[in-house]
Protein chains: 2
Amino acid sequence: MTVHLPDECGCIDSAVCRQMPCAGKISELAEFFKNLSDPTRLAILCMLTHGDKCVCDIAETLGATQSNVSHQLRILKQSKLVKSTRDGKSVIYSLEDGHIRDVMETGLEHLMESL
Amino acid sequence: MTVHLPDECGCIDSAVCRQMPCAGKISELAEFFKNLSDPTRLAILCMLTHGDKCVCDIAETLGATQSNVSHQLRILKQSKLVKSTRDGKSVIYSLEDGHIRDVMETGLEHLMESL
DNA sequence: ATTACATATGTTCATCTGTTCATAAGTATA
DNA sequence: TATACTTATGAACAGATGAACATATGTAAT
């Protein structure tokens with residue numbers, strides 16, 4: 001759906017948001033959250049906050065198939081949430097930057113305080 | 001999918017997260033983000049940071065049908081992201097608490113810094 | 001009571017998503 | 001090269017999702 005918010009709209013009333021018109025960013029932000037909205041992907045990101053990991057380790061820890069993990073990692077990589085480097089036979093994945101952790105933490109705080 | 005992370009896992013390595021085992025919370029957190037992952041719902045939440053609004057105002061501003069907005073508001077209400085009070089013929093919706101705004105802002109910060 | 005307005009709900013449908021299976025591609029070692 | 005190991009990819013399927021339409025419910029005023 002195409003959202004029609006006026007471009008000059010300050011949207012979220014904060015310093016951050018005043019610099020960033022809503023209409024053009026809503027769909028980007030929604031897509032960002034969508035990447036965090038799947039338990040498998042979120043668990044992967046969560047694991048990677050502990051340190052870099054290869055695909056098979058992620059799969060084993062999660063109890064998921066290698067194929068599924070690889071598919072989800074591709075999504076995470078395309079959306080620039082993770083990056084990867086090859087190490088011999090393995091491919092090591094890591095968080096792209098620290099903001100992902102911040103977002104997850106903020107979300108967790110919300111859950112904790114809305115019991 | 002059922003994610004198998006050990007319950008004693010500290011998950012996100014922070015004070016907040018050490019108090020909160022991952023396995024049980026991943027799916028909750030994913031569901032929370034899922035509610036923010038739709039442009040219509042996100043735009044509604046964004047609008048409500050400006051102030052409380054009735055359904056028809058939201059629909060008009062968004063260029064969405066009343067039906068669609070009402071459906072999405074029900075989802076947001078069930079997940080305790082918004083609350084509502086009736087005012088005559090209208091029903092006024094407002095953000096349940098301030099954390100939603102925080103999460104959106106943190107997400108926006110991520111978008112800004114990952115250009 | 002009737003009419004008008006505002007919101008909620010049920011249903012249907014097209015589309016998207018996550019998962020699995022099978023298999024290909026990349027890499028290292030014997 | 002042959003083999004084993006690791007990761008990526010393509011196809012197919014079930015289930016979930018968002019939107020639209022029609023209609024019901026709730027509220028106020030005439």
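Just so it is clear: chains get the letters A, B, ... in the order the sequence lines come, proteins before strands, and each one is counted from 1. Source: prediction; values computed, not measured.
Of the two residues near DNA chain C, B/Ser70 and A/Ser67, the one whose nearest nucleotide lies more 5' is B/Ser70. Checking A/Arg41 against B/Val91, the closest nucleotide of DNA chain C that is more toward the 5' end is the one next to B/Val91.
Here the P atom of nucleotide D/dT9 and the CD1 atom of A/Ile75 are 12 Å apart, to the nearest Å. In this structure, NZ of B/Lys89 is placed 12 Å from P of C/dA4, rounded to the nearest angstrom. Distance NE2 (B/His71) to P (C/dA8): 10 Å, rounded to an integer number of Å. Rounded to an integer number of Å, the gap from A/Asp57 CG to D/dC5 P is 16 Å. Between B/Gln72 atom CD and C/dT7 atom P there is a gap of 16 Å when expressed in whole angstrom units. Computed from coordinates, the A/Leu76 CG to C/dG18 C1' distance equals 13 Å when rounded to whole Å. Atom CG in B/Asn35 sits about 14 Å away from atom C1' in D/dA16, given to the nearest Å. In this entry the distance linking CD of A/Glu31 with P of D/dT17 reads 17 Å, nearest Å.
A salt bridge is defined here as a Lys NZ or Arg NE, NH1 or NH2 lying under 4.0 Å from an Asp or Glu carboxylate O, and B/Lys25 with B/Glu28 meets this definition.
Counting distance only, with no hydrogens placed and no angle test, the side-chain atoms of A/Ser90 and the base atoms of D/dC5 include no donor-acceptor pair under 3.5 Å. A donor and an acceptor atom sit less than 3.5 Å apart, one in the side chain of A/Gln66 and one in the base of D/dA8.
Residues A/Glu31 and A/Asn35 have side chains that never bring a donor and an acceptor to within less than 3.5 angstrom of each other.
Taking NE2 from B/His99 and OG1 from B/Thr106, the interatomic distance works out to 11.0 Å, rounded to the nearest 0.5 Å.
Side-chain nitrogen and oxygen atoms of A/Tyr93 include at least one within less than 4.0 Å of the OP1 or OP2 phosphate oxygen of D/dA8. Here B/Thr40 reaches the OP1 or OP2 of D/dA19: one of its side-chain N or O atoms lies under 4.0 Å away. Residue A/Asn68 places no side-chain N or O under 4.0 Å from the OP1 or OP2 atom of C/dG18. The side chain of B/Arg86 contributes an N or O atom lying less than 4.0 Å from OP1 or OP2 of D/dT27. Contact between the side-chain N/O atoms of B/Lys34 and the OP1/OP2 oxygens of D/dA16 is not found at any separation under 4.0 Å.
Nearest approach of B/Ala43 to A/Ile26, heavy atoms of both residues: CA-CD1, 3.9 Å.
Partner A/Leu95 forms a side chain to side chain contact (heavy atoms under 4.5 Å, CB included) with one of A/Leu76, A/Leu45, A/Asp52, A/Leu81 and no other, that one being A/Leu45.
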